[in-house]
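Each chain gets a letter, A, B and so on, in the order the sequences are listed, and its residues count up from 1. FYI, side chains are in, hydrogens and waters are out, and symmetry mates aren't considered; it's all heavy atoms of this structure. In this text, all values refer to a predicted model and were calculated from it rather than measured experimentally.
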Amino acid sequence: MAAPPERRCWEREQARLKAGVVEQDTEEWQKDPNFTGLERVGGVDLSYIKGDDTSACASLVVLSYPALQVLYEDCRMVAVTAPYVAGFLAFREVPFLVEAVQRLQQEEPKLRPQVLLVDGNGLLHHRGFGVACHLGVLTDLPCIGVAKNLLQVDGLARDELHREQIRSLQRSGDTFPLTGTSGRVLGMGACWVLDLSFLNAQVLRSYNNSSKPLYISVGHRVSLDTAVRLVRSCCRYRVPEPIRQADIRSREYIRKQLCAPLEVRPARPESKKEAELEDESDA
DNA sequence: GCGACAG
DNA sequence: ATCTTGTCGC
């Protein structure tokens with residue numbers, strides 16, 4: 001659990017970093033209706049092991065645009081220290097994501113993404129500084145927050161109004177603003193994978209009832225409008241391709257990681273020859 | 001005061 | 001985040 005002193009420390013850091021957030025388009029391609037000039041879109045994600053709250057796999061992928069082919073992939077096991085607390089996700093995940101970006105810039109500078117899609121929120125956050133803002137400021141990359149669930153902040157909740165917005169969305173086929181009690185638009189809800197015309201009416205109805213929107217918000221150096229347009233153009237399925245690929249690959253990496261120790265472990269308690277065995281099996 | 005709460 | 005089976009349709 002997060003003790004009060006730690007929490008105050010976090011908030012101090014957030015306040016400091018927030019001063020660096022840019023909520024406007026800063027790149028030329030962002031102002032183009034077709035994103036001319038955009039060639040690489042990055043996605044980041046962490047996957048966790050079921051009962052283990054310290055081991056995770058951090059992944060960063062870079063996709064070509066607009067083809068959305070994987071150009072770069074980096075998966076790495078990391079030791080998570082901060083617990084998951086809603087509103088403090090950045091302090092749990094961001095350090096490893098920053099490392100991944102730095103590794104990419106050092107090893108494959110030509111593959112540096114021009115924008116990052118982040119699993120989580122940006123301005124749609126209790127203090128207007130979610131993980132997407134955090135990562136954007138620390139890497140100086142344009143970032144967009146894409147959450148699969150609504151973080152209830154500033155009066156936003158999964159209430160009747162929210163459900164009605166989702167229903168109306170399926171008629172207009174577009175997006176709806178996430179307006180807080182303060183009157184400020186913190187992000188946009190969207191659900192584009194609605195092309196279910198091939199289903200019969202019965203199934204279509206149940207599918208619509210269970211369909212969930214995406215929650216898109218500004219992270220850094222991008223306008224909300226551009227963020228929504230870009231995420232939409234990256235969606236083959238509900239989750240935009242960069243994040244989806246990062247998610248798939250980090251999960252797969254963990255799955256293999258989980259199997260590996262089982263082959264070595266039952267060998268023997270002696271430690272000397274274990275290193276040799278591991279060397280051989282790795283090669 | 002209690003509950004709700006991105007991944 | 002993670003645990004899980006089948007089922008339906010292209």
>> Are there over 12 heavy-atom neighbours, none belonging to Gln24(A), within less than 6.0 Å of that residue's CD?
In response: no

> Quick one: CD on Gln257(A) to SG on Cys57(A), what's the gap to the nearest 0.5 Å?
Replying inline: 8.0 Å

>> When you measure from the centre of the six-membered ring of Phe88(A), is the NZ or CZ of Arg127(A) closer than 6.0 Å and no more than 45° off the axis?
In response: yes

> Please give, in whole Å, the distance from dA1(C) P to Arg244(A) CZ?
Replying inline: 14 Å

> Listed by chain and number, what are the salt bridge (charged side-chain N to carboxylate O under 4.0 Å, His left out) partners of Glu39(A), not counting sequence neighbours?
Replying inline: none

> Can you check whether Leu111(A) reaches Leu104(A) side chain to side chain, under 4.5 Å on heavy atoms?
Replying inline: yes

> Do we see a donor-acceptor contact under 3.5 Å between the side chains of Asp154(A) and Ser182(A)?
Replying inline: yes

>> Quick check: Tyr215(A) with His125(A) (ring centres under 6.0 Å apart)?
In response: no

> What is the nucleic acid contact for Asn121(A), judged by heavy atoms within less than 4.0 Å: base, sugar-phosphate only, or nothing?
Replying inline: base

> How many angstroms lie between atom CG of Leu68(A) and atom OG of Ser233(A), to the nearest 0.5 angstrom?
Replying inline: 7.5 Å

>> Surrounding CD of Gln106(A) (heavy atoms of other residues, nucleotides or ligands, distance under 6.0 Å), is the total greater than 12?
In response: no

> If you measure from CG on Leu38(A) to SG on Cys234(A), what distance do you get to the nearest 0.5 Å?
Replying inline: 7.5 Å

>> For Val222(A) versus Gly219(A), what's the shortest heavy-atom pair and its separation?
In response: CG1-N, 4.3 Å

> How would you give the extent of chain A contacts on DNA chain B, as first and last nucleotide 5' to 3' within a 4.0 Å heavy-atom cut-off?
Replying inline: dA4(B) to dG7(B)

>> For a 4.5 angstrom cut-off between non-hydrogen side-chain atoms, does Val239(A) reach Asp247(A)?
In response: no

> Contacts to DNA chain B from residues 89-104 of chain A, heavy-atom cutoff under 4.0 Å, which residues?
Replying inline: Leu89(A), Arg92(A)

> Given that both pair distances must be under 3.5 Å and the pair must be Watson-Crick or G-U, what runs of three or more consecutive pairs involve DNA chain B?
Replying inline: none

> Under 4.5 Å between any side-chain heavy atoms of Leu186(A) and Ser217(A), yes or no?
Replying inline: no

> For DNA chain C, which consecutive runs of 3 or more Watson-Crick or G-U pairs (each distance under 3.5 Å) count as stems?
Replying inline: none

>> Please check: side-chain N/O of Ser55(A) versus main-chain N/O of Asp52(A), any donor-acceptor pairing under 3.5 Å?
In response: no

> Separation of Arg255(A) atom CZ from dT2(C) atom P, in whole Å?
Replying inline: 14 Å

> Can you check whether Trp29(A) reaches Leu230(A) side chain to side chain, under 4.5 Å on heavy atoms?
Replying inline: yes

> When we call it a touch if two heavy atoms are under 4.0 Å apart, what does Val153(A) touch: a base, just sugar-phosphate, or nothing?
Replying inline: nothing

> Using a heavy-atom distance cut-off of less than 4.0 Å, which residues of residues 47-59 of chain A contact DNA chain C?
Replying inline: Ser47(A), Tyr48(A), Lys50(A)

